[in-house]
Amino acid sequence: MDHSATAAGAATGGHLSQRQILTVLSGLMLGMLLAALDQTIVSSAMKTIADELHGQSLQAWATTAYLITATLSTPLYGKLSDLFGRKALYLTAISVFLAGSLASGTATSMYELASFRAVQGLGAGGLMSLGLAIITDITSPRERSKYQGYFTAVFGVSSVAGPVVGGFFAGAGTVAGITGWRWVFLVNVPIGLIALFVVNKVLNLPAAKVRQRVDFLGAGALVLGIVPLLLVAEQGREWGWRSLASLAMYVVGVLGVALFVLQERRMGDAALLPLRLFGCSEFRVATVVTVIQGIGMFGAMMSLPLYLQIVKGATPTAAGLQMLTLTLGMMISSTVCGLVTTKTGRYKVFAVAGLGVLTASMFGLATIGVDTPITVVMGIAFVIGLGLGASMQTLTLAATNDVSPQDIGVAASTSTFFRQIGGTMGAAVFLSILFSTVGDRIGSAVRAAAASAAYVAALAQHPEFAKQLGGGVDINDTSFLKTLDPILAHPILEGFAGSMRTVFLIGGLVAAVSFALVWLLDEKPLSDKSALELRTGEDEGSAAPAPAA
């Protein structure tokens, strides 16, 4: 490993060689792997964990707690790293994530697990946003895209390994004398310790000395605004969107957001999220498109695995492997687009093309049904990956290309923050649409099937199911579909497929909005200098003696 990044960087005006960049990148990728792998491992094992802890009805809180703290801490890490340096904050993020992982592996109830997952989220918020900020620090906008392809590879590995590893641990009785599901969290410990060692050794970049107040009131207002809105987004379907609890969350959330905006305006440059960033047209458009893309993207990525598991009967592990084509598409397009951007300096075309492809493929998903060949579904997923790979990294590049070197951290974290907000909204809204329409769709499909002699005959052979059907199908537990007579299962599956087509159709319409807006992106020339080089040049300029009169 190259430990001379600081000296070399200082000696060359902040410029790092490709070898030094790849050395730093190795540490960042380990940190990102922690966050990416954790989400896929836990999601595939959560049902088993909830059964073990006797809290199946409470499992959503373990996810919600993690999501809230990860989202809220994202902009805070960005701002603090601009003030105090990236390395200290990145090491802090890894350490907090490790502490939460270790605690989660010892949980004895779902309430404890939710609390410990919240600690994990506090660390996870910095792993992604600071990784993007650091790569933005050390690479020029012109060459950044080709390095961001490595991050896509991390997500590719996690999307494949996560469900497999999570399924293995969930299904194992004990591993090394410890209950199998606990290793879902404990596996983070060795990876995290290696990440701490590597990052501490290789991430030796000059830290900017900025004397500025920390916007604690802004952070408090952000908590007041975002927590209620995230809670209602996650729990609104259970509470009822117009229930008293949901209405209270709306009011408190809107009030908190309003207070946050007023506080940020009052703090000016010291704000947690400086409003002047939105005065930059490229940052403003890229951020708005990122939110809308996040809504459609996460809506699809949450619904497609459900289609594979419920309609196609795949196990969580098999569904994860079938989604590999989406990851493959992302890796191919992000790599190709990164190389072309580095060579030509052009990037808007990839955002436009990527969102166009994403929109078309979402409408393609709106045509799938029970009998659609799995190869067709995987092919559409591959095209979705092509669209996401081309557009996601380009939007991040655009958002950070239009800000000053001193604002790189907060700009990168803001982009991640708004993508998470959009993703949370999308997942909540689309799952609500799915489960609010599936009952009627199943009823219609069953009534249509009742006109078939084969269906009537099959129903007569299963009187217990006929009795259950009279009281309505329990959509909260679909495990019975795996052993049910295929003739009787088909209309139920068709009901789910019909609701999912509606979800994908709406997702396509949302993606179409982002495709229309991305044309407003003002493509500005990409600099050949990294933020580190620009800051070093400014520091040297300010330190130079004034010329003699």
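Below, each value reflects all heavy atoms present in this structure, side chains not excepted, and no hydrogens, waters or symmetry copies.
- Distance check, rounded to the nearest 0.5 Å: CD1 of I41 to CZ of F169 gives 7.0 Å.
- Checking side-chain atoms of Y307 against main-chain N and O of G369 turns up a donor-acceptor pair under 3.5 Å.
- Using a cut-off of 4.0 Å between Lys/Arg side-chain N and Asp/Glu carboxylate O, R182 and E52 are scored as not salt-bridged.
- A distance of 10.5 Å separates CD1 in I295 from CD1 in I421, rounded to the nearest 0.5 Å.
- A heavy-atom distance below 4.5 Å is not found between the side chains of L304 and M500.
- Residues V119 and T69 form no side-chain contact, since every pair of their non-hydrogen atoms from C-beta on lies 4.5 Å or further apart.
- Considering only heavy atoms from C-beta on, L517 stays 4.5 Å or farther from V285 through its side chain.
- A donor-acceptor pair is defined here as one N or O able to donate and one able to accept, closer than 3.5 Å; such a pair exists between the side chain of W183 and the backbone of V175.
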Residues T416, S413; criterion side chain to side chain donor-acceptor pair (under 3.5 Å); working and verdict: CA-CA 5 Å; T416 305; S413 63; over 6 Å; no

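- Across every non-hydrogen atom of I487 and A454, the tightest pair is CG2-O, 4.0 Å.
- Panel note: side chain T437, backbone L434; a donor-acceptor pair is recorded below 3.5 Å.
- Between the side chains of S391 and T394, no donor-acceptor pair of N or O atoms lies under 3.5 Å.
- Among R441, R447, R501, the single residue meeting the salt bridge (charged side-chain N to carboxylate O under 4.0 Å, His left out) criterion with E494 is R501.
- Dense packing is recorded around CH2 of W241, with more than 12 heavy atoms of other residues, nucleotides or ligands lying under 6.0 Å away.
- Between K312 and D371 there is no salt bridge, since none of the side-chain N atoms of the basic residue sits less than 4.0 Å from a carboxylate O of the acidic one.
- A donor-acceptor pair under 3.5 Å is absent between the side-chain atoms of T174 and the main chain of T179, judged by distance alone.
- Side chains of Q120 and D38: a donor-acceptor N/O pair is present below 3.5 angstrom, by distance only.
- Here the OG atom belonging to S514 is positioned 11.0 Å from the CG atom belonging to L509, to the nearest 0.5 angstrom.
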